[in-house]
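My questions all concern the structure below.
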Amino acid sequence: PVQILSFLGGVVKVEETDLKPRMGFLYSIHTRNISMFINATREQDSGQYMCSVNVVDDTIRLDKNVGIINLTVLVPPATPTCQLHGSAIVGANVTLSCSSKKGKPSPMYQWQREPPTLQVFFPPAQDRTRGTLKLTNLSLEMSGVYVCRAENQAGSENCSIVLEV
């Protein structure tokens with residue numbers, strides 16, 4: 001563990017870490033609420049944080065003097081990349097793929113064909129975890145704009161691909 005913030009002998013001390021310019025106590029220590037804040041959170045701020053309270057001349061009991069919290073910083077998906085795999089000719093099979101380089105937790109993917117012929121896809125044609133959509137026995141009517149949405153609890157982003165059969 002690395003100490004990042006302390007109040008000792010009436011003095012607040014913020015240690016030299018990458019958190020230093022972005023953190024501090026939320027309230028005056030005299031309110032007896034020792035909540036802290038972290039501004040402009042980053043993915044690397046994720047981790048376990050421990051608060052230890054020791055009062056002068058008090059018995060130190062680890063089970064009573066320590067609070068632990070796990071912080072997970074969520075990251076929205078980056079704009080995904082849409083790709084076509086295979087030859088878009090009548091009767092052939094193609095796979096559309098969609099992938100996002102960032103996202104915590106890992107994004108789920110949803111393919112949709114845009115109007116005028118709106119179509120939503122389901123397994124087994126669509127794999128929401130891998131971001132793939134398998135189109136089989138292509139016909140001219142399957143031509144159109146296909147949009148993939150990468151989504152997690154922190155947000156969503158889209159990409160699209162034009163399929164010309």
Side-chain angles (χ1 to χ4, degrees), residues 1-5 14-27 33-52 63 66-165:
V2 175
Q3 185 166 320
I4 55 175
L5 184 62
V14 183
E15 300 297 327
E16 290 294 333
T17 67
D18 67 332
L19 283 168
K20 184 173 183 172
R22 302 182 291 121
M23 64 164 300
F25 286 111
L26 196 56
Y27 305 104
N33 182 333
I34 56 172
S35 299
M36 64 170 274
F37 66 86
I38 301 174
N39 289 330
T41 54
R42 303 173 185 160
E43 186 176 2
Q44 58 265 33
D45 295 336
S46 296
Q48 192 172 75
Y49 289 79
M50 181 173 69
C51 173
S52 174
D63 60 332
V66 174
I68 295 176
I69 190 167
N70 290 307
L71 174 67
T72 301
V73 178
L74 302 179
V75 179
T79 301
T81 302
C82 287
Q83 291 181 311
L84 169 69
H85 306 277
S87 299
I89 55 177
V90 173
N93 300 336
V94 296
T95 300
L96 305 182
S97 70
C98 177
S99 65
S100 182
K101 292 189 186 297
K102 271 187 172 181
K104 189 176 180 181
S106 294
M108 295 296 280
Y109 301 95
Q110 176 69 51
W111 279 98
Q112 177 176 303
R113 184 172 168 194
E114 291 292 278
T117 315
L118 179 64
Q119 187 175 4
V120 178
F121 300 95
F122 300 95
Q126 175 175 241
D127 184 327
R128 296 206 60 209
T129 305
R130 291 187 177 152
T132 57
L133 175 64
K134 292 179 182 174
L135 300 174
T136 57
N137 193 18
L138 291 178
S139 64
L140 294 173
E141 294 76 29
M142 295 170 83
S143 296
V145 178
Y146 290 76
V147 175
C148 173
R149 185 177 78 234
E151 183 175 40
N152 66 14
Q153 294 95 313
S156 67
E157 287 289 339
N158 297 333
C159 65
S160 63
I161 195 162
V162 176
L163 178 66
E164 291 182 34
V165 180

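Residue numbers start at 1 and run along the sequence shown. What you see is a predicted model; the values in this text were computed from it and never measured.
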task = Just jot down the side-chain hydrogen bond (donor to acceptor under 3.5 Å, both in side chains) partners of K20, sequence neighbours excluded, or say none.
result = E16
note = Across all chains, not counting sequence neighbours, the side-chain hydrogen bond (donor to acceptor under 3.5 Å, both in side chains) partners of Q44 are none
ask   = Taking only residues two or more places apart in sequence or in another chain, which ones pass side chain to side chain contact (heavy atoms under 4.5 Å, CB included) with S52?
value = N54, V66
task = Sequence neighbours left out, what passes side chain to side chain contact (heavy atoms under 4.5 Å, CB included) with A92? Give chain and number order.
result = I89
inquiry  = Testing the basics here: between G155 and P77, what is the closest heavy-atom pair and its distance to 0.1 Å?
reply    = O-CD, 3.4 Å
remark   = In short, K104 meets V73 closest at the heavy-atom pair CD-O, 3.7 Å
query = With sequence neighbours excluded, what pairs up with N93 under the side-chain hydrogen bond (donor to acceptor under 3.5 Å, both in side chains) test?
reply = none
message = Quick one, L5 and M23 - any side-chain contact, counting heavy atoms below 4.5 Å?
response = yes
inquiry  = Please list all pairs meeting salt bridge (Lys or Arg N to Asp or Glu O under 4.0 Å) that have one or both residues in residues 144-158, counting only residues at least two apart or in different chains.
reply    = R149-E151
Taking distance alone, no hydrogens or angles, what donor-acceptor pairs closer than 3.5 Å link side-chain atoms of residues 33-43 to residues at least two apart or in another chain?
from	atom 1	to	atom 2	distance (Å)
N33	OD1	S35	N	3.0
N33	OD1	S35	OG	2.6

request  = Only counting residues at least two apart or in another chain, list the ones meeting side chain to side chain contact (heavy atoms under 4.5 Å, CB included) with Q48.
outcome  = I68, N70
query = So, for P105 and L74, which heavy atoms are closest and what is the spacing to 0.1 Å?
reply = CD-CD2, 3.7 Å
Just list the side-chain donor-acceptor pairs under 3.5 Å for residues 94-101, sequence neighbours left out, or say none.
from	atom 1	to	atom 2	distance (Å)
S97	OG	H85	NE2	2.7
S100	OG	A78	N	3.0
S100	OG	A78	O	2.6
S100	OG	K102	O	3.0

key: Gap between atom OH of Y146 and atom CG of L84 - 0.5 Å precision   = 10.5 Å
With sequence neighbours excluded, residues passing side chain to side chain contact (heavy atoms under 4.5 Å, CB included) with Q126 = Q110, W111, F121, R128, L133
inquiry  = Using every non-hydrogen atom in the two residues, find where V147 and E114 come nearest and quote the distance to one decimal.
reply    = CG2-CG, 3.4 Å
Non-hydrogen atoms of L135 and L138 that approach each other most closely = CB-CD2, 3.9 Å
note = Residues passing the side-chain hydrogen bond (donor to acceptor under 3.5 Å, both in side chains) test with Q119, sequence neighbours excluded, are none
Using a 3.5 Å cut-off and no angle test, enumerate the donor-acceptor pairs between side-chain atoms of residues 158-165 and protein atoms at least two apart in sequence or in another chain.
none

message = Evaluate E141 against S139 for side chain to side chain donor-acceptor pair (under 3.5 Å), listing each step before the verdict.
response = CA-CA 5 Å; E141 294 76 29; S139 64; 3.2 Å; yes
key: Contact summary for A150 and Y109, nearest pair of heavy atoms   = CB-CE2, 3.6 Å
